[in-house]
Amino acid sequence: MSEDISKLPSQIIYNNLKELIRAKNTAHESIFKFHWKKMWPFSLIWPQVDFVRIVRLMDELRKNVVSQKKLVNEAKSKAKPYEKTFLNAVPTYLGCFDISCKYLADVAQWKQNLLEKKVRHEVKMMRDVSEYNQILKNYEEAQKNLVEAGAFVRAGWIEALNGFLDETANETEIK
């Protein structure tokens, strides 16, 4: 009898990937998404983005990438043939995800450094936006690579689902 799809190693990995990307996207939105509470004078009343927490979250996500890569290597030995494409695409995706998290943490750290300079009330605050611009360009490139790698993961996942459905249909016909 066929096993339930939720028990397949590739399903577990796929669900983990969804949670990782959801956490990263939430951090991305909190940094970059426009909200009226971020505008002056409202920003003086409501708490703003906690950039330090975002840096820590990105560090945790990067640690999870290592454990996910180990899980993928273990799953490859137990995987069915239709899961191979998906499992072969995941390490590249995780590598791109790791780089994207690094650059998002860099963005948050730069913004935190800017906040700390404001808190100290320095007489003259020179902002070097070229450094920030380079960080944003690096993050944009990392995001582009992540999206491209994600296309291969999605294609592999569709192949895995189709293989599972075909296997289930064949077992049902045999009965």
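- By the side chain to side chain donor-acceptor pair (under 3.5 Å) test, Asn16 is found to be paired with Gln68, residues two or more places apart in sequence or in another chain being considered.
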Quick one: do Tyr132 and Lys111 satisfy side chain to side chain contact (heavy atoms under 4.5 Å, CB included)? Show the steps, please. CA-CA 9 Å; Tyr132 184 62; Lys111 288 189 171 231; 3.0 Å; yes
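- Hydrophobic clustering, with ILVMFWY side chains joined whenever heavy atoms are under 4.5 angstrom apart, keeps Leu87 apart from Phe152.
- Each of Leu20 and Val55 belongs to its own hydrophobic cluster when Ile, Leu, Val, Met, Phe, Trp and Tyr are linked at side-chain heavy-atom distances under 4.5 angstrom.
- With sequence neighbours excluded, no residue forms a salt bridge (Lys or Arg N to Asp or Glu O under 4.0 Å) with Arg56.
- Connection of Val147 to Val90 is not established within any shared hydrophobic cluster, with ILVMFWY side chains joined at heavy-atom distances below 4.5 Å, either directly or through further cluster members.
- Closest approach of Ala108 to Ile31, counting heavy atoms only: CB-CD1, 3.9 Å.
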Dump the intermediate steps for side chain to side chain contact (heavy atoms under 4.5 Å, CB included) on Phe51 and Val107, then the final yes or no. CA-CA 9 Å; Phe51 298 115; Val107 169; over 6 Å; no
Pair Trp110, Leu136 - check side chain to side chain contact (heavy atoms under 4.5 Å, CB included), show working. CA-CA 10 Å; Trp110 192 90; Leu136 287 178; over 6 Å; no
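- Counting heavy atoms from C-beta outward, Asp98 and Val66 have side chains that stay 4.5 Å or more apart.
- With sequence neighbours left out, Glu159 forms a side chain to side chain donor-acceptor pair (under 3.5 Å) with Thr85.
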Could you walk me through whether Leu146 and Ile99 pass side chain to side chain contact (heavy atoms under 4.5 Å, CB included), step by step? CA-CA 9 Å; Leu146 181 63; Ile99 293 168; over 6 Å; no
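- The structure places CG of Asp166 at 11.0 Å from CG of Leu161, a figure rounded to the nearest 0.5 Å.
- With rounding to the nearest 0.5 Å, the separation of CG in Asn145 from OG1 in Thr92 is 11.0 Å.
- By the neighbour-count criterion of 12 heavy atoms within 6.0 Å, atom OH of Tyr82 is densely surrounded, having more than that number from other residues, nucleotides or ligands.
- Considering CZ of Arg53 and CE of Met58, their distance stands at 13.0 Å, rounded to 0.5 Å.
- Under the 4.5 Å side-chain heavy-atom criterion for ILVMFWY residues, a single connected hydrophobic cluster contains both Leu57 and Phe32.
- Atom CD of Gln109 and atom CD1 of Ile54 lie 11.0 Å apart (nearest 0.5 Å).
- The two residues Ala142 and Ser100 make their nearest non-hydrogen contact at CB-CA, 3.8 Å.
- Under the 4.5 Å side-chain heavy-atom criterion for grouping Ile, Leu, Val, Met, Phe, Trp and Tyr, Ile12 is connected to Tyr14 within one hydrophobic cluster.
- Partners of Glu148 according to the salt bridge (Lys or Arg N to Asp or Glu O under 4.0 Å) rule, which considers only residues two or more places apart in sequence or in another chain, are Lys144.
- Screening residues 85-96 for salt bridge (Lys or Arg N to Asp or Glu O under 4.0 Å), with sequence neighbours left out, gives no hits.
- For the atom pair Cys101 SG and Ile21 CD1, the distance stands at 7.5 Å (nearest 0.5 Å).
- Donor-acceptor pairing under 3.5 Å is recorded for the side chains of Asn15 and Gln11.
- In this structure, the side chain of Thr26 engages the main chain of Arg22 through a donor-acceptor pair within 3.5 Å.
- Using a 4.5 Å heavy-atom cutoff, the side chains of Phe97 and Leu61 are in contact.
- Side-chain contact, Glu60 with Asn64: no donor N or O sits under 3.5 Å from an acceptor N or O.
- Every residue meeting the salt bridge (Lys or Arg N to Asp or Glu O under 4.0 Å) condition with Lys102, not counting sequence neighbours, appears here in chain and number order: Asp106.
- Lys84 contributes a side-chain N or O that, together with a main-chain N or O of Lys76, makes up a donor-acceptor pair within less than 3.5 Å.
- The CH2 atom of Trp157 sits 9.5 Å away from atom CG of Leu17, with the distance rounded to the nearest 0.5 Å.
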